[in-house]
Amino acid sequence: MRASRLVTLLLLLQNRGRMTARQLAEELEVSVRTVYRDVEALGAAGIPLYGDAGHAGGYRLLDGYRTRLTGLTADEAQAAFLAALPGTAAELGLGEALATAQLKLRAALPAELREHAGRIQERFLLDAPGWYGDADRTPYLALIAGAVWARRAVVLRYRRWRAPEEIERRVEPYGLVLKAGRWYLVAGGPSGIRTYRVDQILEVHALADGFAVPDGFGLAAYWSGYLADFRARLHTGDALVRLTPEGARRLGVTPVGDGWTEARVPIESVGHAHGEFLRLGTDIEVLAPAELRDRIAQTVRALATRYEG
């Protein structure tokens with residue numbers, strides 16, 4: 001804890017110049033007496049740090065002194081190496097840049113933090129895509145990422161689920177989002193801001209046209225709103241069901257006691273709920289809507305007939 005505080009104190013003085021003991025204490029959330037002790041410890045370690053007395057006084061580093069420390073704690077160094085996704089960087093055309101950046105970061109870290117960073121890469125691996133299905137083919141991802149970075153418009157030929165199935169459109173790429181192993185492009189166009197699955201892009205032509213992102217647009221805020229709207233449109237109804245404790249656990253419903261729990265759960269459609277609820281087998285009974293209950297009953301009867309024959 002103290003070592004981390006000493007590094008932070010040093011970097012505060014390096015970045016801000018002269019600071020009083022009171023200012024340092026407020027930044028570090030410690031007492032002024034603790035700051036005095038920390039300053040003495042840095043001086044004993046050979047850091048060219050000195051203090052000026054008087055109203056305009058304070059502590060500062062010798063002119064021209066720059067520490068090679070990055071300011072990273074052990075946890076921060078671990079997080080930096082854990083957050084770096086080699087596969088994702090390679091998809092974006094940044095694999096070599098990521099490898100070089102990690103080498104530079106590792107070289108700048110003190111020996112103890114280098115060891116921490118090495119351990120995090122040896123012991124943890126983040127594999128974002130799901131288990132089922134092949135990875136999406138995104139041959140144009142690097143080109144689109146370049147357009148996002150350069151703020152250049154592109155012309156997309158895009159496959160969509162409704163007619164017309166293929167469209168061509170000039171868009172202004174604001175940002176890219178990786179969600180559950182799938183890339184999405186957020187872009188402005190003739191109809192406002194839209195979201196495009198990158199694996200459904202059939203062709204891309206980069207343009208020389210530059211553009212400015214609209215005032216107030218934030219990628220994270222847009223995506224959060226997009227997901228909320230998607231979920232609202234996805235769950236168009238609900239179903240009344242009875243669940244065993246295991247069924248409640250699998251559906252994320254809080255069970256009531258050790259017996260059956262009655263709950264109302266959101267559903268996308270009768271057809272979708274039919275398939276999802278059949279996965280629960282005997283751990284669920286659908287009470288309503290009647291259409292869904294009848295469809296499941298018909299399926300169960302057909303299965304029974306098939307396996308009895």
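Note that the numbering runs from 1 along the sequence shown for the chain. For clarity, every value in this text was computed on a predicted model and none was experimentally measured.
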- Item | With sequence neighbours excluded, residues passing side chain to side chain donor-acceptor pair (under 3.5 Å) with Glu262 | none
- Message: Please enumerate all residues that pass side chain to side chain donor-acceptor pair (under 3.5 Å) together with Tyr226, with sequence neighbours excluded.
- Response: none
For the hydrophobic clusters of this structure (ILVMFWY residues joined by side-chain heavy atoms under 4.5 Å, transitively), does one cluster hold both [X] and [Y]?
{"X": "Val256", "Y": "Leu280", "value": "no"}
{"X": "Val177", "Y": "Leu143", "value": "no"}
{"X": "Phe211", "Y": "Val171", "value": "no"}
{"X": "Leu243", "Y": "Leu278", "value": "yes"}
{"X": "Trp223", "Y": "Leu219", "value": "yes"}

[X] vs [Y] side-chain heavy atoms within contact, under 4.5 Å:
{"X": "Ile144", "Y": "Trp183", "value": "no"}
{"X": "Ile167", "Y": "Arg160", "value": "yes"}
{"X": "Arg170", "Y": "Leu207", "value": "yes"}
{"X": "Arg169", "Y": "Val155", "value": "no"}
{"X": "Ser224", "Y": "Leu227", "value": "no"}
{"X": "Phe217", "Y": "Ile193", "value": "yes"}
{"X": "Ile47", "Y": "Leu61", "value": "yes"}
{"X": "Tyr59", "Y": "Met19", "value": "no"}

- Query: Do side-chain atoms of Tyr140 reach the backbone of Leu202 as a donor and acceptor pair under 3.5 angstrom?
  - Reply: yes
- Return yes if a side-chain donor-acceptor contact under 3.5 Å exists between His205 and Glu203, otherwise no.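 Yes, because at least one side-chain N or O of His205 sits under 3.5 Å from a partner of the opposite role on Glu203.
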- Ser31 and Tyr36 side chains, donor-acceptor separation under 3.5 Å: no
- Would Arg250 and Asp283 count as a side-chain contact (heavy atoms from CB on, under 4.5 Å) if you check the C-alpha gap in whole Å, the side-chain angles of each, and the deciding distance to 0.1 Å? CA-CA 9 Å; Arg250 291 171 64 183; Asp283 288 316; 3.9 Å; yes
How many angstroms lie between [atom1] in [X] and [atom2] in [Y], if you round to the nearest 0.5 Å?
{"X": "Arg60", "Y": "Thr20", "atom1": "CZ", "atom2": "OG1", "result": "14.5 Å"}
{"X": "Leu141", "Y": "Leu176", "atom1": "CG", "atom2": "CG", "result": "6.0 Å"}
{"X": "Tyr158", "Y": "Leu185", "atom1": "OH", "atom2": "CG", "result": "9.0 Å"}
{"X": "Thr138", "Y": "Arg182", "atom1": "OG1", "atom2": "CZ", "result": "11.0 Å"}
{"X": "Leu24", "Y": "Asp38", "atom1": "CG", "atom2": "CG", "result": "9.5 Å"}
{"X": "Ile284", "Y": "Glu276", "atom1": "CD1", "atom2": "CD", "result": "10.5 Å"}

Between [X] and [Y], which heavy-atom pair has the shortest distance, and what is it?
{"X": "Arg194", "Y": "Tyr222", "result": "C-OH, 3.8 Å"}
{"X": "Val253", "Y": "Ala263", "result": "CG1-CB, 3.8 Å"}
{"X": "Val32", "Y": "Ala21", "result": "CG1-CB, 3.9 Å"}
{"X": "Val154", "Y": "Pro173", "result": "N-CD, 4.4 Å"}
{"X": "Val241", "Y": "Phe277", "result": "CG1-CE1, 4.1 Å"}

- Query: How far apart are the C-alpha atoms of Arg37 and Glu40, what are their side-chain angles, what is the distance that settles it, and do they pass the salt bridge (charged side-chain N to carboxylate O under 4.0 Å, His left out) test?
  - Reply: CA-CA 5 Å; Arg37 289 199 296 266; Glu40 290 178 3; over 6 Å; no
- Task: Scan for salt bridge (charged side-chain N to carboxylate O under 4.0 Å, His left out) pairs involving residues 288-305, sequence neighbours excluded, and state none if there are none.
- Result: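 Sorted result for residues 288-305: Glu285-Arg293.
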- Who pairs with Pro245 by side chain to side chain contact (heavy atoms under 4.5 Å, CB included), at least two apart in sequence or on another chain?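 Not a single residue meets the side chain to side chain contact (heavy atoms under 4.5 Å, CB included) criterion with Pro245.
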- Task: Output all residues satisfying salt bridge (charged side-chain N to carboxylate O under 4.0 Å, His left out) with Glu166, sequence neighbours left out; order by chain, then residue number.
- Result: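 Residues passing salt bridge (charged side-chain N to carboxylate O under 4.0 Å, His left out) with Glu166: Arg157.
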- Task: Count the heavy atoms belonging to other residues, nucleotides or ligands that lie under 6.0 Å from CG of Asp258, then report whether that count exceeds 12.
- Result: no
- What do you reckon, is CZ of Arg22 surrounded by more than 12 foreign heavy atoms closer than 6.0 Å? no
- Query: Taking the hydrophobic residues Ile, Leu, Val, Met, Phe, Trp and Tyr, and joining any pair whose side-chain heavy atoms are under 4.5 Å apart, which ones share a cluster with Leu240?
  - Reply: Leu287
